[in-house]
A.B. asks: 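Quick one: this structure, given as structure tokens, is what I'll be asking you about.
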There are 2 protein chains.
Amino acid sequence: MRSIETGEPGHSADQVTVRRTNLALVLRHLRAEGPRSRATVAAELGLTRSAVSQLVAELAERGLVREGRREHGSVGRPGTTVELAGHGIAGLGAELNVNHVNTIALDLAGEVLSERQVALDARTAPAEEVVERLVELVERTVADLARRDVQPVGLTVGVAGLVDEDGVLTHGPNLGWRDVPVGPMLRERLRPAYDVRVDNEGNLAALAEATPGDPDRRDVLVIFGEVGVGGGIVADGRLLRGRQGYAGEFGHMIVEPQGRRCGCGRVGCWETVAGLRALLDQAADPDDPVRDPSLSLDQRLTEINRRADLGDTRTLAALDQVGRWVGVGAAVLANALNPAAIVLSGYFAAVGHHMRSAIETALVDGVLAPGAGGTRVELSTLGFTASVRGGAQAALETVFADPARVERRPLARGALR
Amino acid sequence: MRSIETGEPGHSADQVTVRRTNLALVLRHLRAEGPRSRATVAAELGLTRSAVSQLVAELAERGLVREGRREHGSVGRPGTTVELAGHGIAGLGAELNVNHVNTIALDLAGEVLSERQVALDARTAPAEEVVERLVELVERTVADLARRDVQPVGLTVGVAGLVDEDGVLTHGPNLGWRDVPVGPMLRERLRPAYDVRVDNEGNLAALAEATPGDPDRRDVLVIFGEVGVGGGIVADGRLLRGRQGYAGEFGHMIVEPQGRRCGCGRVGCWETVAGLRALLDQAADPDDPVRDPSLSLDQRLTEINRRADLGDTRTLAALDQVGRWVGVGAAVLANALNPAAIVLSGYFAAVGHHMRSAIETALVDGVLAPGAGGTRVELSTLGFTASVRGGAQAALETVFADPARVERRPLARGALR
DNA sequence: CCTAGTTTGTGCACCGCCCGAGCAAAACGG
DNA sequence: CCGTTTTGCTCGGGCGGTGCACAAACTAGG
């Protein structure tokens, strides 16, 4: 029943393809199921033990797996577990946002190898300068890696706006940018040996939440809220970009045609009732410190949580009201996409536990399928790092899709038997 | 930039996989590009001429391709074109709807081999009896094929309602059915040699509109309107079902929270403002013949078109108003999914040319991406046969995905060479 | 302690498939 | 009529997975 496809273009297959497929299969299996012996892998994947031995040997030569400890069964010769190694390579993720640029480097197992951030104001600085800051940050991150003899395999940059297939930011209202060729600029300045891609930050956040391999995380919808509301869709394990890469712009769905005017010029956009501003307008008077933009967002959200915990009726009513709207929009999307989970990220993750019941009620009320079609509401635990993590994971995913991308080098002595 | 995937489960590859992949590749290439010589196929697909020769020979043995006419180039030996044959097999599509069941059989090239229909009232008859009618119709269709020595390769049944992965209709409000195991019942009664699958009719209609191979038809959203409104999503060439197969229930998106009560019990569902009833309520008084349910839908829609053509202001205003709402809902979906095309099917296709400008205006107004993100509005030309055609195509797609499913039989004398 | 039984990991022959080279066949042009 | 071009096929070669055999390593039981 899974996935009817309508004629993928695809490419011709030969023995190299077979090898690539099986290398990738073994590597992803080790990621999904954890360390295990060659014999176990063979049984679980339907390959022979000899084939798995050869595949593991090649993955080890590429520095992607290593042998672990002995695994004693009840009887028989004990196996030697094989596990992800991948300390030799890293995926790079970066984010270019209104008031900061930051980077992260993850190894194959998803461990953080380097993390850097620089504050700036993208609205006042020219685009060239902002990109230059990002270039410097990436170069320092790559230097961090070089010190540990780690090779970057790819860089994915998330930006707040619409990005076309070539990596050009065509429309970035929050940054105040239009038609800025971020991807080409980065490639020009970095001249990298690795791939550089640019994507919408909501898409990358969605990728970060869609844990690879978990069947309950193959259909995930991420809703990211701050002043604006955006997100991304992972369906059947694939990130949906749409025809021009503009999918996931949930914030400007019109949910209340007789509602308030939005910053984008339209009336009744979802972010006018579910965005941070809607919450603050209802929860606090204009001179209330939680609306003081000079305080950090974290501080202000902590204060709102404190008031809600103390039972402040105005705060609770505001959270309930906004939660209801979040649920209404979530229901619209759930009717269309029937995701396994809707993950709330950004400011929703910070105060979401106080909105959860209102969201869930509105979701169940608004979805035709009984029990909201099984869609669960979850709060992101990745906080504001979701986009960069997703970017780094996207880069790593190219290795999981084709481990032969990583160069083969003579095995360090004693690394494998 | 295409498709980042997050760890498909996948299956191990060997030489058989290589063969299957390349057989499928050649077959799909012939479908997408039309008849051409082996040498041309080899050049276009990056295979060697010898490989293509062998692949074509095997496809011919399975009855899927045949040689066509001589193809004279400017110089050199002329090639012999190879083209889709597939008169030996057929995909079956069926539909189980409120007032009829019908079937269709398509050959590999999409030509209709058989088409049958029986009227009934699924709301009053017990489910067993309705399924029995469908069984009879399928058996007669299979008999039609047998007379021409054609083998069915699969049957896909579209039903008006939510279908889970096992083919159980869990929720069919228009049929008045709940938890009817349509798939298991059909398999039990037919005991078929071919696959039987059951799916939502909107999903199958979407599949029918997403022409295989066309890059402009890889991201398509179908909106099917009758009394209810439903649809389906094809993204990146794949049909989206969602976690439990409930994706595409657009009709019950809430678009007007202060609006009218819907048959489903909610308030402000899209179908209350975009469904057929909304149009009729605004276009005609209760005693108007266009609202007479004893007349066929075709007749009533023809009358509406006639009035609109004559410039009847009330009719035009109703079409404009409903079109605006169609556009509002389409915009919500386009913001989320950025499809290449939104195809209007069902009653929308019949009167859509009078609603088109209203729809497009509301779409452009409601989508954040400039120019509606490139999303075009199109009217379906498949009429009410979209679902059955999509079902038959889904069955055929299993052959295009794996031509080795069709049995190999000794070549008829002189069929090839 | 020693042996039978079990399981792991590797080596080797075999098979299937695509590649590349070579060749006959079938046109066209001078 | 012969050189040139292009097509479609045949034939070794290499690659990669399968299946079988075998040594290695450990448990259980006498």
Side-chain angles (χ1 to χ4, degrees), chain A residues 10-26 35-61 65-83 402-404 408 411 416-417, chain B residues 10-26 35-61 65-83 402-404 408 411 416-417:
Chain A
H11 216 62
S12 65
D14 59 359
Q15 279 83 335
V16 176
T17 316
V18 172
R19 200 54 189 269
R20 190 179 14 238
T21 305
N22 288 337
L23 285 172
L25 193 66
V26 170
R36 58 229 304 112
S37 73
R38 295 165 174 81
T40 311
V41 171
E44 288 167 344
L45 292 179
L47 287 159
T48 58
R49 294 200 308 272
S50 47
V52 173
S53 276
Q54 286 180 38
L55 292 165
V56 166
E58 181 167 341
L59 289 172
E61 274 185 72
V65 303
R66 64 160 165 255
E67 293 199 331
R69 46 164 189 55
R70 281 271 149 83
E71 188 188 43
H72 291 253
S74 56
V75 291
R77 171 178 165 178
T80 317
T81 60
V82 180
E83 59 192 30
D402 178 13
R408 207 161 177 165
L411 262 183
L416 193 75
R417 87 172 329 228
Chain B
H11 216 62
S12 65
D14 60 0
Q15 280 85 332
V16 177
T17 315
V18 171
R19 197 51 185 265
R20 191 182 10 240
T21 304
N22 288 338
L23 285 172
L25 192 68
V26 170
R36 58 230 303 110
S37 72
R38 295 165 174 82
T40 311
V41 171
E44 288 168 344
L45 293 179
L47 286 158
T48 58
R49 295 200 308 271
S50 50
V52 172
S53 277
Q54 287 180 37
L55 293 166
V56 166
E58 180 167 342
L59 290 172
E61 273 185 74
V65 303
R66 63 161 167 253
E67 293 199 331
R69 47 167 190 52
R70 280 272 149 84
E71 188 189 45
H72 290 254
S74 56
V75 292
R77 170 178 167 179
T80 317
T81 60
V82 180
E83 58 191 31
D402 178 13
R408 208 162 177 163
L411 262 184
L416 193 77
R417 94 180 320 232

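Below, read A as the first sequence line, B as the second, and so on, with proteins coming before strands; counting in each chain starts at 1. The basis for the numbers below is simple: all heavy atoms, side chains too, and nothing from hydrogens, waters or symmetry mates.
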A.B. asks: In chain order, what residues pass the side chain to side chain donor-acceptor pair (under 3.5 Å) check against B:S53, with sequence neighbours excluded?
C.D. replies: none
A.B. asks: Rounded to whole angstroms, how far apart are CG on A:L45 and C1' on D:dT18?
C.D. replies: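 Rounded to the whole Å, the gap is 16 Å.
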A.B. asks: Would you kindly give the CG-to-C1' distance between A:L47 and C:dT10, to the nearest whole Å?
C.D. replies: 16 Å
A.B. asks: Using whole Å, report how far CG of A:L55 lies from C1' of D:dC15.
C.D. replies: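 After rounding, the reported distance stands at 13 Å.
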A.B. asks: Under the side chain to side chain contact (heavy atoms under 4.5 Å, CB included) rule, collect the residues that match up with B:T17, sequence neighbours excluded.
C.D. replies: B:A13, B:D14, B:R20, B:T21
A.B. asks: Please compare A:A51 and B:Q54 by the position of their nearest nucleotide in DNA chain D and report the one closer to 5'.
C.D. replies: B:Q54
A.B. asks: Take the protein atom CZ of B:R38 and the nucleotide atom C1' of C:dA25, then report the distance between them rounded to whole Å.
C.D. replies: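 Value for this atom pair: 14 Å.
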A.B. asks: Quick check: any donor-acceptor pair below 3.5 Å linking the side-chain of B:Q15 to the base of D:dG17?
C.D. replies: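 Donor-acceptor pair under 3.5 Å: no.
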A.B. asks: Using a 4.0 Å heavy-atom cut-off, does B:S37 contact any base of the nucleic acid, only the sugar-phosphate backbone, or nothing at all?
C.D. replies: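 Sugar-phosphate, backbone atoms only, no base.
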A.B. asks: Closest heavy-atom contact between B:R38 and B:T80?
C.D. replies: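 Residues B:R38 and B:T80, closest heavy atoms: NH1-O, 4.0 Å.
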A.B. asks: In this structure, how many angstroms lie between the C1' atom of C:dG9 and the CZ atom of A:R36, rounded?
C.D. replies: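 One finds 17 Å between C1' of C:dG9 and CZ of A:R36, rounded.
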A.B. asks: Among residues at least two apart in sequence or on other chains, which ones pass side chain to side chain contact (heavy atoms under 4.5 Å, CB included) with A:R77?
C.D. replies: none
A.B. asks: Does A:L47 reach the side chain of A:L55, with side-chain heavy atoms less than 4.5 Å apart?
C.D. replies: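 Touching, per the 4.5 Å side-chain cut-off.
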A.B. asks: Identify which nucleotide among C:dT8, D:dG17, C:dC18 has an atom closest to any side-chain atom of A:A39, counting heavy atoms from C-beta outward.
C.D. replies: C:dT8
A.B. asks: Do any pairs count as a salt bridge (Lys or Arg N to Asp or Glu O under 4.0 Å) and have a residue in residues 43-55 of chain B, sequence neighbours left out, and if so which ones?
C.D. replies: B:R36-B:E44
A.B. asks: Can you tell me if B:N22 touches the phosphate of C:dC17, counting only side-chain N or O atoms and a distance under 4.0 Å to OP1 or OP2?
C.D. replies: no
A.B. asks: Strictly below 4.0 Å: does A:R20 bring a side-chain N or O up to OP1 or OP2 of D:dG16?
C.D. replies: no
A.B. asks: C:dG16 P sits how many Å from A:D14 CG, rounded?
C.D. replies: 18 Å
A.B. asks: Between B:E58 (CD) and C:dC17 (C1'), how many Å, whole number?
C.D. replies: 11 Å
A.B. asks: From CG of A:L25 over to C1' of D:dG17, roughly how many Å is that when rounded to an integer?
C.D. replies: 13 Å
A.B. asks: Taking the side chain of B:R19 as its heavy atoms from C-beta onward, which of C:dC19, D:dG16, C:dC17 lies nearest to it?
C.D. replies: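 When the side chain of B:R19 is considered, C:dC17 is the closest of C:dC19, D:dG16, C:dC17.
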A.B. asks: Between protein and nucleotides 20-30 of chain D, map the contacts as a letter string: B base, S sugar-phosphate only, - none, heavy atoms under 4.0 Å, written 5' to 3'.
C.D. replies: ---BBBBS---
A.B. asks: By nearest heavy atom, map B:V18 and A:S53 onto DNA chain C; which one lands nearer the 5' end?
C.D. replies: A:S53
A.B. asks: Of all residues at least two apart in sequence or in a different chain, which pass the side chain to side chain contact (heavy atoms under 4.5 Å, CB included) check with A:A404?
C.D. replies: A:R62, A:D402
A.B. asks: Have a look at B:T80 and say if it touches a base, only the backbone sugar-phosphate, or nothing, with a 4.0 Å heavy-atom cut-off.
C.D. replies: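 B:T80: backbone/sugar contact only, no base atoms under 4.0 Å.
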